[in-house]
Amino acid sequence: MKKILFVFLCFIMGAAQAQNTPVEINPTDHEVNFLSKTSFLLDPSGKITFSQIKRTSFQQLPQKTVNFGDNQSYLWLKFSVVNNANQTRVFSLVSKGIDSLQSYQLAEPTAKILKTGLTGSHIPLHSREFSSPFLTFTFQLLPHQASSIYVRVRTLNYPLSVYPFRLFSQNTAKNFIKRHDLLHSVYIGSMVFLLLFGSALLFFFKERIYLFYLLCVLSSLTMMLVYNDYYYLIFERIPEIIRTKNFYAIPTSFASLFYLYFAREFLVYGYDKNATINRAISVATFGTVSVVVLFIVFGWNVYQFRFLFYFFIFVLCSLTIFLLYRSLRLNYKPAWLFLIATLPVLSMGFWETISDLHHTPVQEIHSYYYACTMFEMYMLTLGLSLKFKIAQDEKKKLQAEVFEIELQIQENERQRIAKDLHDKLGGILGALKINLSVLTRNDSLQADDTEALNKSLTMLDFTSEEVRNISHSLASSTLIKLGLVAMLIEMYRYSDAPKVRIQNNGFLARLDLIKEMALYAIIQECINNARKHADASEISVSFKQIEDKLTVIIEDDGKGFEVKNSSNAGKGLDNIDYRVKEHLDGQINIDTAIGQGTIIMIKLKVS
């Protein structure tokens with residue numbers, strides 16, 4: 001028992017000795033670690049005066065950070081420093097994220113007050129020692145002078161924590177603050193850029209997903225600006241709800257709400273048979289908005305009612321996670337980007353919620369939160385791009401299917417017309433030829449009548465041949481049987497006005513039927529345009545294949561045109577350009593000018 005008492009007394013004496021031991025600052029020191037020699041005193045009532053503090057015993061800090069978890073209004077901190085250098089040194093005490101920092105420097109052992117300072121969130125940025133969210137107290141230390149530093153801290157609506165709580169030489173403090181302010185500037189600049197980007201998306205596409213994206217960015221940026229006192233860059237006087245950071249609860253709650261609505265638009269979560277998901281989202285929305293309205297109307301202290309905000313934020317996040325889970329099960333690729341973007345922010349939010357357990361200063365959590373939020377929004381922007389690409393691919397696929405159906409309908413109609421030409425009109429012409437042939441064998445006819453009948457038979461043979469050619473050209477079986485090049489040669493073999501030449505240089509492969517029919521239709525349209533609008537006397541169509549690349553060149557000697565000054569030609573070429581890119585997945589180049597003819601080059605891949 002005596003040994004235990006002796007150890008306890010030694011511990012008490014050691015703690016008292018630690019409180020009285022000053023922090024030694026050597027000539028080369030620019031950052032001083034003093035937390036191990038810092039003592040504290042809680043003042044829940046806020047009524048202890050400075051004269052009383054000097055006669056009051058302090059306790060040793062229980063941990064390496066000044067963080068007490070519970071929302072105590074006032075906290076006194078005390079430490080001693082001594083300058084071991086032969087010249088005067090200037091040091092700055094740096095902190096952040098607290099409402100009031102009141103500091104005193106006392107000479108030892110006389111306890112004479114050398115300097116006092118008062119700063120906090122109620123002081124505009126331009127009136128602070130550094131125009132920054134960081135709060136500072138700068139003081140001088142004469143050579144070999146010892147001083148006691150007393151700091152009175154007040155915080156509202158947040159766990160009682162002071163972070164950072166560091167002592168730097170003046171120049172080192174400037175660099176430290178500039179470095180962190182630069183990170184803040186990067187965050188603000190990034191979020192403003194995303195705001196502009198989201199506004200542009202909303203303006204051009206006018207879809208709800210871009211509205212919720214914009215509101216998510218705006219809420220996150222508002223949280224950061226309010227917490228770091230950047231509202232002073234715009235306002236000189238601000239409402240009490242903002243100064244005390246009670247307002248922080250509003251963008252925090254709405255950020256989770258907007259994020260849920262964004263997730264509902266962004267993710268693909270399947271059919272909601274009984275509309276259960278939408279009802280749950282509506283109930284959570286009503287609860288969140290109600291809590292925010294009550295908070296504003298009755299002026300609640302956000303810290304005292306934080307359990308209500310935490311509850312609804314938890315519900316909103318749970319619904320978001322559920323939608324994400326459903327989307328991942330459906331193997332929707334953008335959902336993975338959403339997951340990667342969401343996890344860091346959710347982790348930081350959960351870590352802040354349980355800060356009473358792990359005692360990590362909320363200021364430190366917020367610093368990580370800004371980085372996670374910026375990462376999240378850029379990942380979601382990437383996710384929007386991927387979602388847009390998938391939508392475009394699906395649109396192309398749908399267009400290809402529609403085009404295939406259209407081609408099939410057109411082909412069925414061509415088959416019907418070809419059959420009618422061959423079976424009906426061909427049969428009629430055949431019967432007419434037989435009847436005319438019978439008449440030619442009539443001996444009673446005059447020589448002139450016989451000659452006229454022979455000419456009619458010749459014309460009838462030509463007409464029958466033309467009907468047969470048209471019938472074959474309309475039938476897709478000819479295209480399937482002969483192939484594209486042979487089909488074009490067969491079709492334009494007797495074309496004379498204009499003359500159409502088909503040339504093949506190594507194109508031996510066959511395209512799939514849909515592509516082959518599409519290319520056939522495009523070439524026909526180009527030839528018809530040259531025939532009707534360009535007054536061409538000769539048209540050349542050449543095919544050239546190198547490895548898996550096919551080049552089709554359609555050239556005419558017509559009068560050419562100016563695309564920009566010809567609306568009809570421009571629309572026709574736009575249609576051809578669209579069909580080449582969408583149906584053939586190829587490229588098209590057009591070279592034309594008035595009086596120089598036209599060259600159309602189509603490039604596509606042959607599988």
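Side-chain contact check for Leu106 versus Lys54: some heavy-atom pair is nearer than 4.5 Å. For the pair Leu160/Tyr74, no side-chain contact is recorded, criterion being any heavy-atom separation below 4.5 Å from C-beta on. Contact check for Ile281 versus Arg264: side-chain heavy atoms found under the 4.5 Å cut-off.
The side-chain tip of Lys387 points at the ring of Phe266 from less than 6.0 angstrom away and within 45° of straight on. A cation-pi arrangement, defined by a distance under 6.0 Å to the six-membered ring centre and an angle within 45 degrees of its axis, is absent between Lys245 and Phe247.
If you look at Phe34 and Phe165, their ring centroids are closer than 6.0 Å. Between Tyr259 and Phe338, the ring centre distance stays below 6.0 Å. Ring to ring, Phe388 and Phe205 are close: their centroids are under 6.0 angstrom apart.
Across all their heavy atoms, Tyr187 and Leu221 have their closest contact at OH-N, 4.2 Å. The two residues Ser132 and Ile177 make their nearest non-hydrogen contact at OG-CG2, 3.4 Å.
The aromatic rings of Tyr104 and Trp76 sit parallel to each other, their planes meeting at less than 30°, with 60° as the upper class boundary. Using cut-offs of 30° and 60° on the angle between ring planes, the pair Phe298 and Trp300 is parallel. Aromatic ring orientation, Phe134 versus Phe176: perpendicular (interplanar angle above 60°, classes split at 30° and 60°).
The pair Lys174-Asp181 fails the salt-bridge criterion, with no side-chain N (NZ, NE, NH1 or NH2) lying under 4.0 Å from an Asp/Glu carboxylate O. A salt bridge does not link Lys47 with Asp43: every distance from a Lys NZ or Arg NE/NH1/NH2 to an Asp or Glu carboxylate oxygen is 4.0 Å or more.
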